[in-house]
Enquirer: 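Once you've had a glance at the structure underneath, I'll fire off some questions.
Everything numeric here is computed off the predicted structure, so don't read it as measured data.
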2 protein chains.
Amino acid sequence: MKADSTGLRVLSRAECLELLASVPIGRIVFTDRALPAIQPVNYVLDGNRLVIRATAGSKLALAVRDTIVALEADAFDQAGRTGWSVTVVGHAHAVPESRGEFSLLAHLPLAPWTPRGGEQPDVRDRYIVLTVEQISGRRVETHP
Amino acid sequence: MKADSTGLRVLSRAECLELLASVPIGRIVFTDRALPAIQPVNYVLDGNRLVIRATAGSKLALAVRDTIVALEADAFDQAGRTGWSVTVVGHAHAVPESRGEFSLLAHLPLAPWTPRGGEQPDVRDRYIVLTVEQISGRRVETHP
């Protein structure tokens, strides 16, 4: 078992990808007016990339374009004090409706949680595609 | 009800603080070798500041010193597609053992989840204090 400097178990790339695929929501990190910003997003893992749906014109859609971003997903059991966290870092790019790739992405099982995205999905949606370049994860296990 | 551009309900400062105090784990955002990094941390809300425990010499402890950071906490119900997210942005500073403030912080109900912190809490711990300067939150509510 490989552990990091704080005693957490270091997860393999395969374990990270499996855990990442097991939850629907992550948190994307970007910069908003020179300040750090975090926002929950629902995503799907599609091969070596994460696909996120964003409302056109939203802070997220404007900020996360052709830049390096991080996305974190996790799950914790408060009672047992166990859990895991996986972080992906990679280049993100936006896919507007005008690109051929858009219709392919629209077939992914990625229903928006936000009300407006739900009402007019074809008009308001942009896809953000994050290529998995770095991936790392840790697991907290039960300890005495 | 105030809603943002994506239709999410905007939470008041009081609602944000209440939700922030209701969960033990958040995610802190910092920069690691010029790349965005996110790491789960357990914290307590102590008045107008968040207190985080970090292992001395860890990436987090080294990165989050006298800088502006963000901390996000959330809770989601996947079945009902509801949830909330609160983000705090503010200045963070580290409190080493040598400062008088350290012993006061050590009385906070902030037990580490990580194994090494648990073994030698007095030796390995640093506290990171994040002043709540900006706070914002959104709630996703059930919609048809």
Enquirer: Is it the side chain or the backbone of B/L35 that comes within 4.5 Å of chain A heavy atoms, both, or neither?
Expert: side chain
Enquirer: With chain A, which of B/V23, B/N42, B/I25, B/T31 has the greatest number of heavy-atom pairs at distances under 4.5 Å?
Expert: B/I25
Enquirer: For B/Y127, give me all partners under ring-ring contact (aromatic ring centres under 6.0 Å, His included), at least two apart in sequence or on another chain.
Expert: B/F102
Enquirer: If two hydrophobic side chains count as joined below 4.5 Å and joins carry through other members, does A/V44 share a cluster with A/I128?
Expert: no
Enquirer: Which pair of non-hydrogen atoms, one from B/I38 and one from A/T87, has the smallest distance, and what is that distance?
Expert: O-OG1, 3.6 Å
Enquirer: Would you say the side chain of A/P24 lies within less than 4.5 Å of the side chain of B/Q78, judging by non-hydrogen atoms?
Expert: yes
Enquirer: Decide whether B/V41 and B/V64 are clustered together by the hydrophobic rule: side chain heavy atoms of Ile, Leu, Val, Met, Phe, Trp, Tyr closer than 4.5 Å, transitively.
Expert: yes
Enquirer: According to the salt bridge (charged side-chain N to carboxylate O under 4.0 Å, His left out) rule, which pairs have a member within residues 13-22 of chain B, sequence neighbours left out?
Expert: B/R9-B/E15
Enquirer: If you tally heavy-atom pairs under 4.5 Å against chain B, which of A/A37, A/G83, A/S136, A/P40 wins?
Expert: A/P40
Enquirer: Name all pairs fulfilling the salt bridge (charged side-chain N to carboxylate O under 4.0 Å, His left out) condition that reach into residues 32-42 of chain B, sequence neighbours left out, sorted by first residue then second.
Expert: B/D32-B/K59
Enquirer: Could you state whether A/Y43 and A/L17 fall into the same hydrophobic cluster, counting links through intermediate Ile, Leu, Val, Met, Phe, Trp or Tyr residues with side-chain heavy atoms under 4.5 angstrom apart?
Expert: yes
Enquirer: Say whether A/L50 and A/L105 are linked into one hydrophobic cluster, either directly or through other cluster members, by side-chain heavy-atom distances under 4.5 angstrom.
Expert: no
Enquirer: Does any part of the side chain of A/V29, heavy atoms only, come nearer than 4.5 Å to the side chain of B/R27, both counted from C-beta?
Expert: no
Enquirer: Under 4.5 Å heavy-atom distance to chain B, tell me which part of A/T82 shows up: side chain, backbone, both or neither.
Expert: backbone
Enquirer: Tell me, side chain or backbone of A/Q39 under 4.5 Å from chain B's heavy atoms, or both, or neither?
Expert: neither
Enquirer: For residues B/I28 and B/V132: do they belong to one hydrophobic cluster (side chain heavy atoms under 4.5 Å, members Ile, Leu, Val, Met, Phe, Trp, Tyr)?
Expert: yes
Enquirer: May I ask you to list the residues in residues 69-76 of chain A that approach chain B closer than 4.5 angstrom, counting heavy atoms only, ordered by number?
Expert: A/V69, A/A70, A/L71, A/E72, A/D74, A/F76
